[in-house]
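What follows is a set of notes on a single structure, which appears directly below.
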Amino acid sequence: MPTESTFLLAGLFLLLAAAGWALGRFGERDEDEDAPPPLNIDYLKGLNFLLNEQTDQALEHFLKMVRVDDKTIETHFALGSLFRRRGEVDRAIRIHQNIIARPDLAAEQRDQALFSLAKDYLKAGLLDRAENLFVRLAEGSRYQVEALEQLCRIYEQEREWQRAIESGQKLEVLSGQSLGLQIAHYYCELAEQSVSTKDYTAARAFVKKSQSGRPRTQRGALTRARIARDTGDSKTALKLYHRIIDENTYLITEALPAMVDIHSREGSNDQMEKAMRTLLANRPAMKTDVAYTAIVNDIGGIKAIDECVEEYMLSEATLTEFVDLQTVNDSGDGDRQVALAKVRAALSKLASTIPRYQCKECGFSSQRLLWQCPSCRDWETQRPFTTVSFDSLLQRSANVQ
Ligand SMILES: [Zn+2]
């Protein structure tokens, strides 16, 4: 079966053949102004490759036949980007390399070809090669801004945060646009890397930098709290976690397990109990998040939290299909606790298969809080679902049975 590329090239051969005959511009023959327009042997050769479905040979032939010059260069660029868009990256690369190989190419056209080639490499997953070209273009070309944007994306993928910061800062200067939040997250990434190697001095320095710009990210505060917690400074850690929840209630999902851990380590569960009571009295809407976080992280033993979990389980309408809540309510206290523990264990299992966070920009959902959305690549756009929907999952399991 002839592929679309075959047809594409065949069309081009026909078009260029027509133009070539009219202008006498094919191959070496266009040098000879007096020669009659030939029944171009190159053209026939090209067609022969196409008829035999030898697309690559046909493309090579096309490139040899139609030299890059001011009149044909746009056709070459169009063909290259068409191949890239269709996912035929090798062919796009070949075409753009062919343009670059022309010795007397104008600087602007060279930059355009380098930028196109860099995008080909990116599409092919050849990040190192794409990076080299974007670095070159970022140093001085009309593609500086685009090149720096692409470099930020490459460094994000490669987790090269220091380089991402440098590119981001250059981009801010050039574009006049604030990238404060993005760069703050790059510093947080470095801080988290340092925390994971227990280099707390470096981690603190990176957190400080992450908090020096605007807008600020709560992730910096969370990392500070984590450092305090890891280094045994429970008082500071707790103060920070409380502040984080005050400023962004949704981060209770991140803060609660850490706070419970600190109080249990310090033997101060009574204080946790008191703190939770105050928190929930002020913000009763947080009960669902508290309950769900407790279920997912298997947090128990703090009465104020256990009550949230129980209330949540007994009010979740879809669960009534599976649990006879009336029986649970009517049972004696011991039986009731056993029944609730069973429901809770089942919920915990279910919860591990349901997305908990959703990007408010594009709707991408995930189980873990992701600071950068993998789909729209925005930063800090994920929020926990306001209600935990077991419906779809229960529906699915009901259909399977
Ligand atoms: Zn998104």
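Whatever order the structure lists them in is the order used to number ligands and atoms, beginning at 1. Small disclaimer: the values here were computed from a predicted structure and weren't measured.
The backbone N or O of Ser365 lies less than 3.5 Å from no partner atom in the side chain of Gln358, so there is not a single donor-acceptor pair. No side-chain donor-acceptor contact under 3.5 Å links His96 to the backbone of Ala113.
Heavy-atom neighbours of Arg136 CZ from other residues, nucleotides or ligands within 6.0 Å: at or below the threshold of 12.
Among all heavy-atom pairs drawn from Phe385 and Tyr357, the shortest one is CE1-O, 3.9 Å.
Side-chain contact between His263 and Leu238 is present, with at least one heavy-atom pair separated by less than 4.5 Å.
Between Trp371 and His185, the ring planes lie tilted relative to each other; the angle falls in the 30° to 60° range.
Sorted by chain and number, the protein atoms of type N, O or S within less than 2.8 Å of the Zn ion (ligand 1) are Cys359 SG, Cys362 SG, Cys373 SG, Cys376 SG.
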